[in-house]
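Here is the structure we will look at, set down as structure tokens.
Counting convention: from 1, in listed order, for ligands and their atoms alike. The first residue in the sequence is number 1, and the count goes up from there.
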Amino acid sequence: MNNELTRRNFLKAAAVSTAGVAAAGILGNGVFSARAEESAAAAFEGKKKFAGIGSPRMVTDDIAYLGVSDRRIQLFENVYPIPRGVAYNSYLLLDDKTALIDTVDRSVTGQFFENLVAALDGRTLDYLIVNHMEPDHSSAISEVLVRWPEAKVVCTAAAAVILNQFFACDISDRSILVGEGDTLNTGRHTLTFVLAPMVHWPEVMMTYDDVSGALFSADAFGSFGALNGNLFADEVDFENEWLPDARRYYCNIVGKYGSQVQDVLAKAGTVDIRMLCPTHGPVWRDNLGWIIDKYVHWSSYTPEDDAVMVVYGSIYGGTESAANAVAGLISRAGVQNVAVYDVSKAHVSELIAEAFRVSHIVLASITYNMGIFTPMKNFLLDLEAHNLQNRRFAILENGSWSPVAGDLMVEIIDRLTGCGCVGEKVTILSSPDDGDAEALTALAEAVAQSVLNAGDAEAPEEAAAPAARWVCKVCGYVYEGDELPEDFKCPVCGVDASMFEKQEG
Ligand code: FEO
């Protein structure tokens with residue numbers, strides 16, 4: 001067999017055949033075997049690969065769901081544990097023209113292409129709409145472009161740049177760059193593009209379909225968790241089984257950018273949205289106000305619940321014992337559903353999500369290396385990184401000879417907008433004793449009264465609204481303050497102050 005000739009023929013076939021993607025992938029890895037050639041040849045002869053009985057799942061009469069769930073992944077973004085897995089959602093509009101909306105992570109491209117080929121059912125792909133360039137949604141783009149060379153890529157200018165950075169994929173000769181309010185007609189449908197910078201990358205946009213009222217919302221309204229057959233949020237027990245992961249997803253992934261999320265929510269309020277189609281998690285077609293209300297709370301840093309979490313960092317049990325005592329006293333004072341966490345065991349992403357949920361946070365830390373216990377310090381710095389605001393804290397410190405953790409924790413809290421402490425800091429020496437009972441009780445009482453009176457005089461003071469917002473015209477980054485410093489550089493895209501536009505507060 002003339003292998004070189006076979007290879008050329010194979011490449012040619014791969015370029016023109018929708019089944020050629022398997023071959024392109026093999027060649028890309030530098031491995032080419034007779035066995036691969038045979039299996040690819042079988043595909044070229046018209047064999048339809050199995051895409052699942054009943055596949056594709058339809059979102060509407062002419063919008064197919066092509067997403068794939070990954071239950072093997074352990075850490076999302078190599079940081080966040082996801083024991084329930086995750087779904088990478090992609091959608092295909094089957095109008096006079098066909099339009100694919102986002103792709104998937106590289107871990108699931110095999111199933112994705114089977115879904116896409118099945119949904120196209122022999123039709124060509126006219127458009128690939130890239131709402132979000134992060135690789136968990138864009139890893140299949142290069143392959144799509146090889147397999148459907150006539151497809152145009154619809155995206156923001158920033159997305160085209162980042163696409164090239166990640167995948168050396170130059171789309172300049174086949175891209176349609178869009179901005180705020182631009183439209184694309186596919187026949188019966190008109191798609192409108194809505195910019196959503198920093199939700200949660202600078203290139204993000206959303207796509208609104210006028211026929212279905214679907215907003216393809218990129219990461220917004222997404223959740224950790226694999227889809228287990230049910231596609232729609234109203235088909236699962238979302239509040240009990242999904243909400244904690246939806247919250248953990250939002251707060252950890254997007255939480256820092258509440259201001260930008262608020263901007264998008266304001267735009268969303270001006271159109272008739274009847275479905276939310278995110279890139280992760282279930283699709284929303286019912287009770288949209290419920291999940292939007294969650295986003296209003298999270299993005300405005302408003303507690304969901306008047307509730308308490310107690311987080312302790314303890315080595316030999318003294319601090320743990322004191323924290324448990326405070327939790328019990330808070331409960332005895334009438335506060336329900338107090339949650340206690342060992343900062344050394346709970347994953348910090350869970351603690352971040354809980355901090356976004358509750359109104360009050362009790363911190364109990366040993367003093368360690370003349371500082372805050374390391375996992376507690378990491379938690380607090382992560383809270384600061386995620387821009388948590390408008391919470392009340394209570395402080396309990398421990399130290400066997402020189403307790404300092406409390407004041408150091410307060411230093412971090414003081415940097416959080418709209419945050420402050422209730423009650424008097426309690427200091428214990430090594431382990432609590434009867435002499436600490438009065439102080440611990442007083443601290444618990446102060447927390448309980450603050451929780452029970454939330455909404456009244458004891459409610460956290462809202463941060464004063466800044467006089468103005470300065471919005472980067474390139475990426476949408478928002479600087480809040482009365483004046484934008486002349487030498488300011490956008491921390492996201494690097495442009496200077498002249499590229500910022502002032503919005504009155
Ligand atoms: Fe799911 Fe921002 O990527």
R357 to W298, cation-pi by 6.0 Å centre distance and 45° axis angle
no

Is it true that the NZ or CZ of R57 lies under 6.0 Å from the centre of Y65's six-membered ring and within 45 degrees of the ring axis?
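Verdict for Y65: no cation-pi partner in R57.
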
Heteroatom of H280 nearest to atom 1 (Fe) of ligand 1 (N, O or S, atom name):
NE2

Three-point angle D136:OD2, atom 1 (Fe) of ligand 1, H137:NE2, rounded to the nearest 10°:
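My answer is 90°, to the nearest 10°.
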
Among the N, O or S atoms of [X], which one sits nearest to atom 2 (Fe) of ligand 1?
X    : answer
E134 : OE1
D219 : OD2
H132 : NE2

Going by the angle between their ring planes, with limits at 30° and 60°, are F224 and F76 parallel, tilted or perpendicular?
perpendicular

Parallel, tilted or perpendicular for F113 and W148, by the 30°/60° rule?
parallel

Check this for me, if you would: do D126 and K152 make a salt bridge, where the nitrogen-to-carboxylate-oxygen distance has to be below 4.0 angstrom?
no

